[in-house]
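One structure below.
Predicted model, so just to flag it, every value in this text is computed and none were measured. Atom set for the values below is all heavy atoms of this structure, side chains included, hydrogens, waters and symmetry mates excluded.
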Amino acid sequence: MRRFARIAAVLAACTALAPAGAETVVVTAAHMVDVIAGKEVDRPQVTIVDGRIAAVGHQGDAVPQGAKTIDLGNRTLLPGLIDMHVHLTSDPHLSGYKGLEYTDTFWTVVGVANAKKTLEAGFTTVRNVGSGNYDDVALKQGIEGGYIPGPRIVPATYALGSTGGHCDATEFPPSITVPSPQIANSPESFRAAVRTVHKYGAEVIKVCMTGGVLSKGDSVGAQQLTFDEIKAIVDEAHMLGLRVAIHAHGTDGINAGLRAGVDTVEHASLADETSFKLAKEHGAWFDMDIYNDDYILAEGAKNGVFAESLAKEKMIGLKQRQTFRAAHAAGVKMLFGTDGGVYPNGDNARQFAKMVEWGMTPIEAIQAATKSAAEALDRTKDVGAIAVGRYGDMVAVDGDPLQDVRLLEHPSFVMKGGEVVKD
Ligand SMILES: [Zn+2]
């Protein structure tokens, strides 16, 4: 009886916090970036009904009776931004062994704070590629239920990896065991791992295919799964309707993953001409976190990052940016993914200027975080553009982001699902 009362109370709370039904909002501004056409439009008027965009026209078009109107004056409207690579439950100030002072569920609380910061920074959708305890699923449920503010989340839950690899807990002596449901060592056991994380809420499968920078004891370029293992993961994930993202710095791991049919390559630092060719052949995206090198090198030692990790970052940071320029020039499809959590969540938009510095035009960088990200998520019907049918997820900046992409670092207006988050 008491249990039923508790469920009823929770249901009542959900209803109270859910967006009001049949609400119509009309937003006008001086300009709008049309990411699908790749150009700016003057004097736009966007009508949102029940959280979804119902019409995209021009000021002067009919305004539905009873609609709430929001005039953004001289500002430029853009779609809500998408970061394809974040870790909401991480805090870079607690790197290395510093995190051991905190209890296991502390990271969920960190995620609650970071979800709010990320949304207020204009990122209305994120792909969370790796967290413990299914924390990203909890955040998603909390946000969708209206308990806490945050972006739409595509959770990977645990990142899968091999024993001793980037996603294993390698920083402890053998007498200390850390629960690691995500570690496997054969094609069949990786298939089982995909099924397990899918069972508990994963909407994308993240795999640690090569060594990494922030992990202890592994070489950043070394492949850590066999071709047969990554192939089994890809086959299983695709059968379940899920896409596969590989953490991969090293050339061999990147190319084995691409041959196995992975969908996105994260980091891609040491990708070569063969990788570019394979990515184009298979239609895979590169998702390169080219901002955070500055932060890790400046703040890492103070934050507790291992000395060997700083050495690896020095070895690979510049090379990754050079690879970004080359991959983009070669015509590889590029995404906007920052590894938020490795630097403070909420500073995600700082990567736009880096992408422009390393070869993209501002519209290309913005498309990587909107239109292309939606394609890579298989979510072109609901996020990534100001277009009929998609969620009323929008940001506005004071000025022209196609002239100065840094304006995106300080959006003055954020709307999610037709509700104003920040103005
Ligand atoms: Zn990451």
Point to revise | Polar side chain donor-acceptor pair, Glu266 to His85, under 3.5 angstrom | key: yes
Review point. Less than 4.0 Å between a side-chain N and a carboxylate O, is that true for Asp228 and Lys231?
Key: no
Review point. Under 3.5 Å, side chain of Ser309 to main-chain N/O of Val305, donor-acceptor pair present?
Key: no
Check your understanding: Do the non-hydrogen side-chain atoms of Leu402 and Glu40 ever get within less than 4.5 Å of each other?
Key -> yes
Exercise for review: Find the distance between CD1 (Ile70) and CG (Leu77) and round it off to the nearest 0.5 Å.
Suggested key: 10.0 Å
Check your understanding: Of all heavy-atom pairs between Ala268 and Met288, which one has the smallest distance, and what is that distance?
Key -> O-CE, 3.8 Å
Exercise for review: Please round to the nearest 0.5 Å and tell me the distance separating atom CG of Asp287 and atom CD1 of Ile246.
Suggested key: 11.5 Å
Practice item. Please step through salt bridge (charged side-chain N to carboxylate O under 4.0 Å, His left out) for the pair Asp393 and Arg152, ending with a clear verdict. Key: CA-CA 10 Å; Asp393 295 353; Arg152 302 180 197 285; 2.8 Å; yes
Review point. Any chance the side chains of Thr108 and Asp135 put a donor and an acceptor closer than 3.5 Å?
Key: yes
Point to revise | Side chain proximity check, Leu297 to Lys314, heavy atoms < 4.5 angstrom | key: yes
**Study point:** Lys/Arg cation over aromatic Tyr391: Arg52, 6.0 Å, 45° cone
**Key:** yes
Practice item. Please assess Val109 against Thr105 for the test side chain to side chain contact (heavy atoms under 4.5 Å, CB included), listing each intermediate value before the final yes or no. Key: CA-CA 7 Å; Val109 179; Thr105 45; 6.0 Å; no
Practice item. Could I get the full list of side-chain hydrogen bond (donor to acceptor under 3.5 Å, both in side chains) partners for Gln320, not counting sequence neighbours? Key: Asp289
Check your understanding: So, for Met355 and Ala368, which heavy atoms are closest and what is the spacing to 0.1 Å?
Key -> CE-CB, 4.0 Å
Revision key, fill the gap. Smallest heavy-atom separation, Met415 atom then Gly392 atom, equals CG-O, 3.3 Å
Check your understanding: So His247 and His249, would you call those rings parallel, tilted or perpendicular, with 30° and 60° as cut-offs?
Key -> perpendicular
Review point. Using a distance-only test with no angle check, is there a side-chain donor-acceptor pair under 3.5 angstrom linking Thr338 and Asp83?
Key: yes
**Study point:** Approximate separation, where rounding is to 0.5 Å, of Thr380 OG1 and Asp378 CG
**Key:** 6.5 Å
Review point. Do any N or O atoms from the side chain of Thr361 and from the backbone of Glu364 form a donor-acceptor pair under 3.5 angstrom?
Key: yes
**Study point:** Test item: Arg321 side-chain N/O and Trp358 main-chain N/O as donor-acceptor pair under 3.5 Å
**Key:** no
Practice item. Would you sort out whether Ser412 and Arg75 count as a side-chain hydrogen bond (donor to acceptor under 3.5 Å, both in side chains), showing the intermediate values? Key: CA-CA 9 Å; Ser412 59; Arg75 289 182 263 186; 2.9 Å; yes
Practice item. Evaluate side chain to side chain contact (heavy atoms under 4.5 Å, CB included) for Val220 paired with Ile316, printing each intermediate quantity in order. Key: CA-CA 8 Å; Val220 78; Ile316 216 159; 3.5 Å; yes
Point to revise | Heavy-atom closest pair, residues Trp285 and Ser372 | key: NE1-O, 4.2 Å
Check your understanding: Would you say the side-chain atoms of His87 pair up with the backbone N or O of Gly130, donor to acceptor, closer than 3.5 Å?
Key -> yes
Practice item. Please assess Met84 against Leu377 for the test side chain to side chain contact (heavy atoms under 4.5 Å, CB included), listing each intermediate value before the final yes or no. Key: CA-CA 9 Å; Met84 293 292 284; Leu377 291 174; 3.7 Å; yes
**Study point:** Qualifying residues under side chain to side chain contact (heavy atoms under 4.5 Å, CB included), relative to Met239, sequence neighbours excluded
**Key:** Arg195, Glu236
Practice item. Check the pair Glu299, Lys302 against salt bridge (charged side-chain N to carboxylate O under 4.0 Å, His left out), reporting the backbone distance first and the verdict last. Key: CA-CA 6 Å; Glu299 306 291 327; Lys302 194 170 65 194; 2.7 Å; yes
Exercise for review: Begin with the C-alpha distance, continue with both residues' side-chain angles, and end with the deciding distance and a verdict on side chain to side chain contact (heavy atoms under 4.5 Å, CB included) for Leu407 and Asp398.
Suggested key: CA-CA 7 Å; Leu407 290 170; Asp398 303 281; 5.7 Å; no
Point to revise | SB check Glu273 Lys277 (cutoff 4.0 Å) | key: no
Check your understanding: Distance only, no hydrogens: is a donor on one side chain within 3.5 Å (strictly under) of an acceptor on the other, for His31 and Asp42?
Key -> yes
Check your understanding: Do Lys140 and Glu203 sit within salt-bridge range, that is, some charged N less than 4.0 Å from a carboxylate O?
Key -> yes
Revision key, fill the gap. Hits for side chain to side chain contact (heavy atoms under 4.5 Å, CB included) against Pro173, two or more places apart or cross-chain, chain-then-number order -> Ser175, Ile176
Review point. If we ignore angles and hydrogens, is there a donor and acceptor under 3.5 Å between the side chains of Asp263 and His238?
Key: yes
Point to revise | Tyr97, OH: over 12 other non-hydrogen atoms inside 6.0 angstrom | key: yes
**Study point:** Distance-minimising heavy-atom pair for Gly346 and Thr118
**Key:** N-OG1, 4.2 Å
Exercise for review: Could you tell me whether the side chain of Asp272 and the main chain of Ser275 form a donor-acceptor pair under 3.5 Å?
Suggested key: yes
Practice item. Decide if the gap between the ring center of Tyr291 and the ring center of Phe336 is smaller than 6.0 angstrom. Key: no
Review point. Judged by atom type as modelled, is there a donor-acceptor pair below 3.5 Å linking the side chain of Asp50 to the main-chain atoms of Glu23?
Key: yes
Review point. Sub-3.5 Å donor-acceptor pair from the side chain of Gln351 to the main-chain atoms of Ile290, do we have one?
Key: yes
Exercise for review: Over all heavy atoms of both residues, which pair between Gly164 and Asp168 is shortest? Give the atoms and the distance, please.
Suggested key: N-OD2, 2.8 Å
Point to revise | Electrostatic pair Asp136:Lys206 at N-O distance under 4.0 angstrom | key: no
Point to revise | Donor-acceptor contact present, side-chain Asp34 to main-chain Ala37, <3.5 Å | key: yes
Practice item. To the nearest 0.5 Å, tell me how far Leu310 CG sits from Met315 CE. Key: 12.5 Å
Check your understanding: Just wondering, more than 12 heavy atoms not from Asn74 lying within 6.0 Å of its CG?
Key -> no
Practice item. Start with the C-alpha distance between Tyr343 and Asp293, add both sets of side-chain angles, then the distance that settles side-chain hydrogen bond (donor to acceptor under 3.5 Å, both in side chains), and finish with yes or no. Key: CA-CA 9 Å; Tyr343 67 86; Asp293 180 53; over 6 Å; no
Review point. Distance-only, no hydrogens or angles: does the Ser162 side chain make a donor-acceptor pair with backbone N or O of Gln224 under 3.5 Å?
Key: yes
Review point. Can the positive tip of Lys216 be found less than 6.0 Å from the middle of the six-membered ring of Phe306, inside 45° of the ring normal?
Key: yes
Practice item. Dump the intermediate steps for salt bridge (charged side-chain N to carboxylate O under 4.0 Å, His left out) on Asp294 and Lys354, then the final yes or no. Key: CA-CA 10 Å; Asp294 290 3; Lys354 282 288 163 203; 3.3 Å; yes
Review point. Tyr158 vs Tyr134 aromatic rings, parallel, tilted or perpendicular, using cut-offs 30° and 60°?
Key: perpendicular
Practice item. Rounded to the nearest 0.5 Å, what's the gap from CG on Leu270 to OG1 on Thr210? Could you check? Key: 8.0 Å
Check your understanding: Looking only at atom types and distance, does a side-chain atom of Lys117 sit under 3.5 Å from a main-chain N or O of Pro344, one as donor and one as acceptor?
Key -> no
**Study point:** Euclidean distance, Arg379 CZ relative to Arg127 CZ, rounded to 0.5 Å
**Key:** 12.5 Å
